[in-house]
Amino acid sequence: MIPYESLLLECVRGDERVMILTAENRGHMRNAPALMGDNFIDVGIAEQTMIGMAAGLAARGRIVLTHALASFITLRAFEFIRDDVGIPALPVIMVGMVPGILSDGNGPTHQAIDDVGLMRGIPNINVFCPSDEDDLIIGMREIIFSGKPYYVRYTNAPAAVDHDKSFTPGVAEIVAGPRGCKRDVTILCYGVLLRQALQAAARLSTEGITVQVVNLRTLKPIDESIILDAAVNSDLVVCLEDHFLTNGLHSIVCECLVREQKIVSVLPIGFSTWFRPAILSDVLDHEELSGEHIARRIKDRLISQVELQTVGGSLV
Amino acid sequence: MTNNQLSDLPEIREHILRMSTDGGCFTGASLSCTDLLVYLYTSFLRISPETISSPERDILLLSKGHDVPALYGVFAELGFIERDRLKNHLRVHDHIYWHPNRNISGVEFHSGSLGHLLSVGLGMAVDIRMRGLDSRVVVILGDGELNEGSVWEACLTAHALKVDNLIAVVDRNLFQANVRTEDLIPLEPLTSKFEAFGWNVECVNGHDFEDLDELFRRLPERNGAPTVVIADTQRGRGVPSISERADRWFCNFTHEEVDALIDELHGRSQATITSKTLVVR
């Protein structure tokens with residue numbers, strides 16, 4: 001039994017309110033359902049019905065975790081999430097499988113790279129984007145019993161770092177680089193690209209470029225203090241995400257900086273359109289999202305900033 | 001309350017007509033399901049103002065939420081809310097507007113977008129079964145609402161889960177918003193559609209309390225399948241000058257027209273309506 005389904009089973013056994021629903025998506029829970037009795041329901045390939053049922057169960061006092069591919073749960077069931085979960089703020093958790101770049105070879109129908117934007121746009125819905133399996137388990141223990149609705153970008157990727165075991169929604173973790181002092185670059189990121197961010201930071205540090213890497217964990221609520229610290233203490237803030245640049249982290253950071261009247265150079269790294277389907281490592285390379293590519297893109301930007309300043313311009 | 005007395009609750013239709021001014025409401029659809037709601041709340045559902053928070057209560061969900069004036073009229077007459085509160089219709093300081101809101105005592109779930117509450121009701125029915133209770137969940141569906149694929153998706157799942165404490169009631173008034181159902185997306189043969197989905201199917205005259213009582217005394221059938229009741233109804237029932245008319249779905253009458261329609265409701269005289277009514281909603 002993988003850690004995620006062990007966690008689900010533990011929650012169901014520890015609290016009879018917890019219900020596990022799936023829209024015939026059992027890839028990450030092959031063994032636990034048989035041990036959950038009536039607290040597990042497979043509704044079939046019916047995302048709208050799953051979310052409606054979850055709302056009905058939650059309205060009766062239950063805590064409901066729902067599962068489907070990320071693009072289907074957010075898009076097919078969008079109005080059900082907005083109306084039946086978001087408006088009454090019921091404790092339903094939408095767990096989206098193979099989000100973002102993890103859909104690798106499936107093609108654009110399966111590419112949930114607009115999901116964060118869709119979910120964060122709904123009042124009351126929170127968004128948790130763990131970077132790996134350890135991060136997922138640490139966070140899920142908190143949010144399942146938070147009493148709030150959440151969208152979760154699921155991943156079972158191997159741990160990218162040794163994570164902070166304490167988890168508070170809206171509190172990011174600094175996973176590499178200097179803290180609380182000036183540095184050249186801050187990389188703000190979430191999800192599976194954290195590993196690539198760390199590789200990029202390691203490459204840049206060999207060239208004397210100081211880089212702080214932040215794992216945001218939740219995008220809603222977002223850790224605004226860490227965004228503002230990045231704006232004040234870095235020459236460049238990188239927003240790294242496997243999501244459309246519109247309405248994801250880049251948009252969140254820009255909204256925050258404009259509201260707080262902070263001016264800083266920002267490099268967005270994400271998608272402008274759907275990515276080319278292939279196995280994951282080739283997608284990372286083709287879309288210039290590998291650690292090596294990210295390091296080069298950051299360095300190119302730093303060089304252009306210096307050149308601008310040399311000819312008399314200033315970005316800050 | 002006996003069934004004969006039930007048919008004599010004209011106050012609820014009066015409430016609906018009084019909400020059909022100063023901004024208006026969905027009058028035609030409300031009048032078609034009035035008798036259904038009166039019957040269910042007075043004779044079938046085990047729920048009262050005193051038990052609206054009891055986990056053992058029966059539940060009614062208005063999936064075709066635009067007929068909420070009928071529900072609020074029933075609530076006012078049965079003491080769920082104060083009668084005077086209906087005067088707050090469309091006032092920003094209250095929650096009485098064109099679709100149900102959970103801040104109104106007795107409303108189990110909000111609605112407005114069609115095709116949602118059969119699945120919500122299914123979730124509630126599953127919870128009731130898990131708790132070992134014998135409560136029933138009734139979901140009122142519009143016949144036009146049956147265009148929504150999510151209704152049939154929920155039908156499949158309810159059948160698969162063998163949820164037999166769930167009763168869907170179709171307010172079969174034969175109208176979509178603006179046109180007759182059979183002229184747009186034909187639903188017939190409707191009984192065989194539900195039968196093919198594995199549901200128990202019952203047909204009833206939705207305005208005949210004896211017919212309703214004869215049927216609902218037997219429901220739900222505890223045979224491992226959900227039940228649908230197709231209730232034949234008439235849009236605008238009780239007020240001849242606006243019944244069966246495509247242009248009397250959403251109505252915003254003058255105060256004088258409301259008074260005339262109430263006279264018509266009581267058989268005193270026929271109303272003459274000149275207000276244009278909005279059909280774009």
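Throughout, a chain's letter reflects where its sequence line sits, starting with A, and its residues are numbered from 1.
Only the side chain of Ile59(B) comes within contact range of chain A, with at least one heavy atom under 4.5 Å from a heavy atom of that chain. Using a 4.5 Å cut-off between heavy atoms, Leu21(A) does not touch chain B at all. Looking at Ala160(B), there are no atoms closer than 4.5 Å to chain A (heavy atoms on both sides), in backbone or side chain. Heavy-atom distances place the side chain of Leu161(B), and not its backbone, under 4.5 Å from chain A.
In terms of heavy-atom pairs under 4.5 angstrom with chain B, the leader among Pro88(A), Ala54(A), Gly44(A), Ala55(A) is Pro88(A).
Residues passing the ring pair (Phe, Tyr, Trp, His ring centres under 6.0 Å) test with Phe40(A), sequence neighbours excluded: none.
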Enumerate the inter-chain donor-acceptor pairs under 3.5 Å for chain B and chain A, one line per pair.
{"residue": "Pro55(B)", "atom": "O", "partner": "Arg60(A)", "partner atom": "NH1", "Å": "3.4"}
{"residue": "Pro55(B)", "atom": "O", "partner": "Arg60(A)", "partner atom": "NH2", "Å": "3.1"}
{"residue": "His110(B)", "atom": "NE2", "partner": "Asp83(A)", "partner atom": "O", "Å": "2.6"}
{"residue": "Ser113(B)", "atom": "OG", "partner": "Glu79(A)", "partner atom": "OE1", "Å": "3.0"}
{"residue": "Ser113(B)", "atom": "OG", "partner": "Glu79(A)", "partner atom": "OE2", "Å": "2.6"}
{"residue": "His116(B)", "atom": "ND1", "partner": "Asp84(A)", "partner atom": "OD1", "Å": "3.2"}
{"residue": "His116(B)", "atom": "ND1", "partner": "Asp84(A)", "partner atom": "OD2", "Å": "2.6"}
{"residue": "His116(B)", "atom": "NE2", "partner": "Glu79(A)", "partner atom": "OE1", "Å": "2.5"}
{"residue": "Ser119(B)", "atom": "O", "partner": "Met53(A)", "partner atom": "N", "Å": "3.4"}
{"residue": "Asp127(B)", "atom": "OD1", "partner": "Arg62(A)", "partner atom": "NE", "Å": "2.5"}
{"residue": "Asp127(B)", "atom": "OD1", "partner": "Arg62(A)", "partner atom": "NH2", "Å": "3.2"}
{"residue": "Asp127(B)", "atom": "OD2", "partner": "Arg60(A)", "partner atom": "NE", "Å": "2.7"}
{"residue": "Asp127(B)", "atom": "OD2", "partner": "Arg60(A)", "partner atom": "NH2", "Å": "3.3"}
{"residue": "Arg131(B)", "atom": "NH2", "partner": "Arg60(A)", "partner atom": "O", "Å": "2.6"}
{"residue": "Glu153(B)", "atom": "OE1", "partner": "Gln48(A)", "partner atom": "NE2", "Å": "3.4"}
{"residue": "Glu153(B)", "atom": "OE2", "partner": "Gln48(A)", "partner atom": "N", "Å": "3.3"}
{"residue": "Glu153(B)", "atom": "OE2", "partner": "Thr49(A)", "partner atom": "N", "Å": "2.8"}
{"residue": "Glu153(B)", "atom": "OE2", "partner": "Thr49(A)", "partner atom": "OG1", "Å": "3.0"}
{"residue": "Ala154(B)", "atom": "N", "partner": "Thr49(A)", "partner atom": "OG1", "Å": "3.3"}
{"residue": "Thr157(B)", "atom": "OG1", "partner": "Val43(A)", "partner atom": "O", "Å": "3.2"}

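A 4.5 Å side-chain heavy-atom check between Phe109(B) and Ile87(A) finds every atom pair outside the cut-off.
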